[in-house]
There are 2 protein chains.
Amino acid sequence: MTAVDRRTEIKAKHRQSIVDAASTIMRQRLTSEFSVDELAVAADVSRRTIFNHFASIDDVVIEACGNELAEVVEHLASISPASTGTKVPIFDDLAETFRQADLITPMVYLTKVLGSDDPQLTPRQAQMSGRAFTEINERLGRELHSRHPEADPLEVGLLVSTMTNGLLVIYLHWMSECGAVDSPESRNLWSQLVERLITSLRTGFGSH
Amino acid sequence: MTAVDRRTEIKAKHRQSIVDAASTIMRQRLTSEFSVDELAVAADVSRRTIFNHFASIDDVVIEACGNELAEVVEHLASISPASTGTKVPIFDDLAETFRQADLITPMVYLTKVLGSDDPQLTPRQAQMSGRAFTEINERLGRELHSRHPEADPLEVGLLVSTMTNGLLVIYLHWMSECGAVDSPESRNLWSQLVERLITSLRTGFGSH
DNA sequence: TACACTAAATGCAACGTTGCATTCGGTGCA
DNA sequence: TGCACCGAATGCAACGTTGCATTTAGTGTA
């Protein structure tokens with residue numbers, strides 16, 4: 001049956017064209033503020049259809065942003081592949097990913113797109129940043145679970161969630177310190193913060 | 001000057017009457033779903049005024065919920081008071097608070113108020129739960145910072161945030177396990193989850 | 001092809017939320 | 001008291017979001 005429900009296919013196409021239209025607008029104008037009507041026209045669907053696929057415009061933006069961060073998750077798969085059979089502790093696995101992944105590039109782009117001129121974060125910005133990280137959280141959770149199927153799901157969930165949460169904390173700190181500019185200094189600061197986070201979470205908070 | 005800007009006073013009164021009206025409706029009907037008009041009438045202010053004080057109806061609900069959890073924060077102040085001069089590590093301070101505080105009672109109430117019949121969480125529920133915990137997060141952060149002024153703010157922020165995030169994780173787990181019912185078994189499970197969380201965060205994720 | 005069935009898209013009305021212009025009422029001063 | 005000033009409240013129009021009824025178009029059957 002090659003004729004696998006063409007309706008499903010059309011539905012996916014519509015959804016995709018909505019996300020694509022959002023991505024295009026965001027790249028063109030370096031902002032995530034556009035009207036529903038504008039998006040509907042650009043995606044060539046009705047206004048209402050957008051809300052059939054997404055709970056809100058922000059959700060569309062989040063998914064578009066998520067694609068920018070997708071490579072971070074893919075990066076995970078490429079490091080210390082499970083195929084080597086080497087037993088890498090799950091924590092080190094994750095820690096190494098965050099060390100090696102280039103988070104700066106997508107973070108700077110996202111800060112521009114989600115941000116305003118004001119260095120102070122608006123509530124919307126704060127929330128959107130949080131959700132962008134949650135997005136990574138879920139993707140990483142799935143990926144890690146498939147790579148370490150023997151681990152306790154709750155434990156993995158807590159680990160990933162704790163890590164991602166920590167990342168958000170240092171991201172906000174990094175933002176306020178250097179204004180999300182991509183420079184040698186800011187990259188250096190970021191590395192330090194990542195190390196600090198990893199150390200804190202590795203050794204726990206109980207030991208100092 | 002006892003005549004300290006009466007306008008400020010009036011403004012605070014309006015804000016309070018909005019929150020109070022929300023609390024009243026929530027207690028009466030055990031739900032957080034009411035219309036803006038309904039709230040405006042109950043608080044005896046204009047519809048628009050509500051949005052002058054709060055970014056959304058959900059924000060009003062969150063603040064009303066926050067008051068339910070306020071005692072948890074107050075509880076913190078009552079345990080191992082700084083006045084004793086005993087040097088309690090900041091982590092133990094926080095851990096002990098979560099051990100001793102009765103989180104079950106407010107959690108069960110909030111689950112009822114925020115929840116639907118469906119045991120599965122709606123996106124709104126999930127978000128509201130998250131925000132209710134964030135609310136505690138901020139209150140605790142302020143409290144802890146004032147009690148341990150010598151500690152690095154970033155470190156304290158990371159600690160509180162990590163803790164609260166972990167609490168949210170086990171809360172969601174607890175919900176799905178026992179349906180947020182207050183019973184000896186559920187309290188027992190909750191204690192176990194709290195211990196598990198504290199242990200994980202105390203010793204870190206790097207050691208097993 | 002004709003037709004019934006159904007998922008998805010659409011139109012529309014109601015409610016949530018926001019930006020802006022206007023009104024209301026407290027404060028300070030002549 | 002009379003008046004200018006200003007912050008908060010209000011009214012209103014526009015846009016975001018949702019629930020529901022209707023239309024459109026793919027699928028299976030005769």
Side-chain angles (χ1 to χ4, degrees), chain A residues 1-22 25-26 31-64 114 116-118 122-128 131, chain B residues 1-22 25-26 31-64 114 116-118 122-128 131:
Chain A
M1 299 236 186
T2 52
V4 201
D5 221 297
R6 193 166 148 227
R7 275 185 291 196
T8 308
E9 184 184 321
I10 292 176
K11 185 179 178 182
K13 197 185 76 184
H14 279 161
R15 183 192 169 92
Q16 194 55 47
S17 71
I18 294 170
V19 176
D20 288 347
I25 296 177
M26 283 161 61
T31 181
S32 58
E33 288 183 9
F34 41 82
S35 76
V36 177
D37 294 304
E38 195 177 350
L39 182 60
V41 169
D44 193 36
V45 296
S46 115
R47 181 188 167 68
R48 188 64 185 81
T49 297
I50 293 175
F51 292 104
N52 283 343
H53 285 277
F54 299 91
S56 71
I57 291 284
D58 282 356
D59 281 36
V60 181
V61 173
I62 290 290
E63 180 151 329
L114 298 179
S116 52
D117 308 320
D118 194 338
T122 65
R124 176 176 181 259
Q125 260 177 282
Q127 202 196 329
M128 294 285 276
R131 292 190 55 190
Chain B
M1 298 243 183
T2 51
V4 200
D5 221 288
R6 194 167 146 228
R7 277 186 291 196
T8 308
E9 184 185 323
I10 292 176
K11 185 178 178 182
K13 197 185 77 184
H14 280 161
R15 183 190 169 91
Q16 194 55 47
S17 71
I18 293 170
V19 177
D20 289 347
I25 296 177
M26 283 160 62
T31 180
S32 58
E33 288 183 12
F34 42 81
S35 77
V36 177
D37 294 304
E38 194 177 352
L39 182 60
V41 170
D44 193 34
V45 295
S46 115
R47 179 187 169 70
R48 188 66 184 81
T49 298
I50 293 175
F51 292 104
N52 282 344
H53 287 276
F54 298 91
S56 69
I57 292 283
D58 282 356
D59 281 36
V60 181
V61 173
I62 290 290
E63 180 151 331
L114 298 179
S116 53
D117 307 321
D118 195 338
T122 65
R124 175 176 182 261
Q125 260 177 282
Q127 202 196 329
M128 294 284 277
R131 294 190 54 191

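Just so we're on the same page: letters track the sequence lines, and every chain starts at 1.
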Separation of [X] atom [atom1] from [N] atom [atom2], in whole Å?
| X | N | atom1 | atom2 | answer |
| --- | --- | --- | --- | --- |
| L39(A) | dC15(D) | CG | P | 15 Å |
| F54(A) | dA9(C) | CZ | P | 11 Å |
| K11(A) | dT27(D) | NZ | P | 15 Å |
| K13(A) | dA9(C) | NZ | P | 10 Å |
| R15(B) | dG7(D) | CZ | C1' | 17 Å |
| I18(A) | dT17(D) | CD1 | C1' | 15 Å |
| E9(B) | dG7(D) | CD | C1' | 15 Å |
| I50(B) | dC15(C) | CD1 | C1' | 13 Å |

Inset, instruction - With the side chain counted from C-beta on, respond yes when F34(A) and V61(A) share a heavy-atom pair under 4.5 Å apart, and no when they do not. - result: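 Yes. Closest side-chain heavy atoms under 4.5 Å.
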Which one, [options], comes nearest to the side chain of [X]?
| X | options | value |
| --- | --- | --- |
| R6(B) | dT17(D), dG26(C), dG16(C) | dG26(C) |
| V45(A) | dT17(C), dA9(D), dT10(C) | dT10(C) |
| F51(B) | dG16(D), dA9(C), dT18(C) | dT18(C) |
| R7(B) | dG7(D), dA9(C), dG16(D) | dG7(D) |
| R47(A) | dG16(D), dG16(C), dA9(C) | dG16(D) |

Legend entry - Earlier contact from the 5' end, DNA chain C, for N52(B) and I10(B):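 This one resolves to N52(B).
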Inset, instruction - By nearest nucleotide on DNA chain C, pick out whichever of F34(B) and R48(B) is the more 5' one. - result: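 That would be F34(B).
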Legend entry - Residue pair T49(B), N52(B): steps toward the side-chain hydrogen bond (donor to acceptor under 3.5 Å, both in side chains) verdict: CA-CA 5 Å; T49(B) 298; N52(B) 282 344; 4.7 Å; no
Legend entry - Within 6.0 Å of CG in D20(A), more than 12 heavy atoms from elsewhere: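 Yes, because the 6.0 Å sphere around CG of D20(A) holds more than 12 heavy atoms from other groups.
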Inset, instruction - Please indicate whether D37(B) has more than 12 foreign heavy atoms, meaning atoms of other residues, nucleotides or ligands, lying under 6.0 Å from its CG. - result: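 Counting neighbours around CG of D37(B), more than 12 heavy atoms of other residues, nucleotides or ligands fall under 6.0 Å, so yes.
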Indicate whether OP1 or OP2 belonging to [N] is found under 4.0 Å from a side-chain N or O atom of [X].
| X | N | value |
| --- | --- | --- |
| H53(B) | dA8(D) | no |
| T49(A) | dT10(C) | yes |
| H14(B) | dA9(D) | yes |

Legend entry - Nearest atoms (heavy-atom pairs only) where F51(B) meets V36(B):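 So the two residues come closest at CE1-CG1, 3.9 Å.
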